[in-house]
Amino acid sequence: MTDETYTASVVGGTGFTGGELLRILSGHPEFEVVQATSRSADNMTVGRSHPNLRGLDLRFSDPDDLESVDVLFSATPHGVSMGRIDEYFEAADTVVDLSADFRLPEAALYDEWYDGHESPEYLERAEYALPELNRDNLSGADLIAGGGCNATATILGLKPLVDAGALGPDAGEVVVDVKVGSSEGGAGGGAASSHPERSGVVRPYAPTSHRHEAEIEAYLGLDVSFTVHAVEMVRGASATCHVFPDEPVSKADLWQAYRGAYADEPFMRIVSGGGGVYRYPEPKAVAGTNHGEVGFELDPGNRRIVVFSAIDNMMKGSAGQAVHAANVALELPEDAGLEFQGLHPVGSP
């Protein structure tokens, strides 16, 4: 605990990640939530949109009437924050954006992967939110850009191999298959996310050229062959990465790489083989938490490493990552507000 409390607002509070932000921040020992905005739910209680937060004494207000706060969290669709970033900084000292608007380091990447950028002068100022990747640069940052959930799961799985020198720009092929829950589509996910259409499926929805490839390439320096499937779960992103290194790698090498990368990380768990039912990373095991799980297996006959990683897409892949990054930026305890360990047994994540 510190002696200082930071005021916070959540712009775009009716969405799934907006609700997660409000849930985390309302229980955070160092934050006081003073505003949540929504055009569609102006003056309605937060509990009307998020029934788990019915005890929170807060109503949504118009996003055009931003209150002055220490930290503004923006949980709006892509394209909103880049157009309002000047307003955000007029209202807050620190801005944490959960969309894709500032997560890529160069304007040219937005021309290639999105529809350009309205405020490219802010890109150099922004810091990527994933502390396991960018902790040193987050301290004191005033513009924090949340990572994409699919990219987060993949980066967490592959980063130890990059750090250990087993992967690099000239390494062999890296094939990534990600399976994600329906909450990734957001509260307005459309027909493809409706229960009758989503139930029972394992549906490729981004076989090639998924936008999150840009983050992986930018921050790990890797070219990856990347595919995403929609599956029947609510929360979760599970990445399976097939790596074909140029040089032989032993199981001891892998343990050394992953322990070296994550032994001191408060939210990372290595789950690789062993006993019990949950022998490898599973989204179900981290649902509702800011934890990420990584694991691996060696396939010497095919000179292949299979890497597994699992996160809750709305927590470690979005709202939890954002609060974790804000904790680092403000020099608060990293686990403040994020101590929840999950539940077992649970149903669909």
Side-chain angles (χ1 to χ4, degrees), residues 5-81 83-84 87-88 90-99 144 146 149 181-190 193-195 234-235 287-290 312-324 326-327 332 336-340 342-343 346-349:
T5 298
Y6 294 90
T7 55
S9 61
V10 175
V11 178
T14 52
F16 291 150
T17 54
E20 287 292 83
L21 281 170
L22 290 167
R23 177 178 70 86
I24 298 168
L25 295 172
S26 65
H28 195 294
E30 316 293 350
F31 279 107
E32 177 189 2
V33 181
V34 298
Q35 185 179 30
T37 77
S38 170
R39 295 190 190 280
S40 62
D42 185 18
N43 203 39
M44 297 179 183
T45 64
V46 165
R48 186 176 185 274
S49 295
H50 307 295
N52 58 319
L53 301 180
R54 284 176 176 147
L56 189 60
D57 185 17
L58 186 67
R59 289 180 178 270
F60 291 112
S61 56
D62 193 298
D64 291 331
D65 300 322
L66 295 178
E67 296 184 23
S68 179
V69 293
D70 297 312
V71 185
L72 182 151
F73 292 86
S74 179
T76 56
H78 171 64
V80 174
S81 292
R84 300 194 65 194
E87 297 174 59
Y88 287 175
E90 288 176 6
D93 297 322
T94 302
V95 175
V96 185
D97 181 55
L98 279 69
S99 78
I144 297 170
C149 58
S182 57
S183 58
E184 185 182 69
S193 292
S194 70
H195 182 72
V234 175
R235 292 177 179 261
T289 82
N290 194 51
D312 181 326
N313 60 297
M314 291 194 294
M315 285 294 295
K316 190 63 178 170
S318 188
Q321 180 185 144
V323 174
H324 187 188
N327 286 344
L332 301 175
L338 299 168
E339 299 93 340
F340 179 57
L343 298 171
V346 294
S348 176

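Each residue takes its place number in the sequence, starting with 1.
When all heavy atoms of T37 and V11 are compared, the pair lying nearest together is OG1-CA, 3.2 Å. Closest non-hydrogen pair, Q321 versus K316, comes out as NE2-O, 2.9 Å. The heavy-atom pair separating V234 from S183 by the smallest distance is O-OG, 2.6 Å. Scanning all heavy atoms of the two residues, the minimum distance from S9 to V69 falls at OG-CG2, 3.5 Å. Heavy atoms only, all atoms of each residue included: T17 and A75 are closest at OG1-CB, 3.8 Å. The minimum heavy-atom distance linking G320 with L338 is given by the pair O-CD1, 3.9 Å.
In this structure, the separation between OG1 on T76 and OH on Y88 is 4.5 Å, given to the nearest 0.5 Å. How far CE of M315 is from CG of L21: 9.0 Å, rounded to the nearest 0.5 Å. Considering CG of L72 and CD of E90, their distance stands at 12.0 Å, rounded to 0.5 Å. In this structure, CG in D70 is found 6.0 Å from CG in D93, a value given to the nearest 0.5 Å. Atoms CG and OG1, on L25 and T7 in that order, are 11.0 Å from each other to the nearest 0.5 Å.
Here the side chains of T94 and Y6 are not in contact, with every heavy-atom distance at 4.5 Å or above. V80 places none of its side-chain heavy atoms less than 4.5 Å from the side chain of S99. Between S318 and E20 there is no side-chain heavy-atom pair separated by less than 4.5 Å.
Looking at T5, its side chain never comes within 3.5 Å of a backbone N or O of F31 through a donor-acceptor pair. A distance-only check finds no donor-acceptor pair linking the side chain of N313 to the backbone of C149 [under 3.5 Å]. Remark: the backbone N or O of S182 is not paired with any side-chain donor or acceptor of E184 at under 3.5 angstrom.
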Table please: side-chain donor-acceptor pairs of residues 46-66 below 3.5 Å, with sequence neighbours left out.
| residue | atom | partner | partner atom | Å |
| --- | --- | --- | --- | --- |
| H50 | NE2 | G13 | O | 2.6 |
| R59 | NH1 | N43 | O | 2.8 |
| S61 | OG | Q35 | NE2 | 2.9 |
| D62 | OD1 | D64 | N | 2.7 |
| D64 | OD1 | R39 | NH2 | 3.1 |
| D64 | OD2 | R39 | NH1 | 3.1 |

Take D312 and T289 through the test side chain to side chain contact (heavy atoms under 4.5 Å, CB included) and record every step on the way to the result. CA-CA 7 Å; D312 181 326; T289 82; 5.6 Å; no
Please test N327 against H28 for side chain to side chain contact (heavy atoms under 4.5 Å, CB included), starting from the C-alpha separation and ending with a verdict. CA-CA 10 Å; N327 286 344; H28 195 294; 2.9 Å; yes
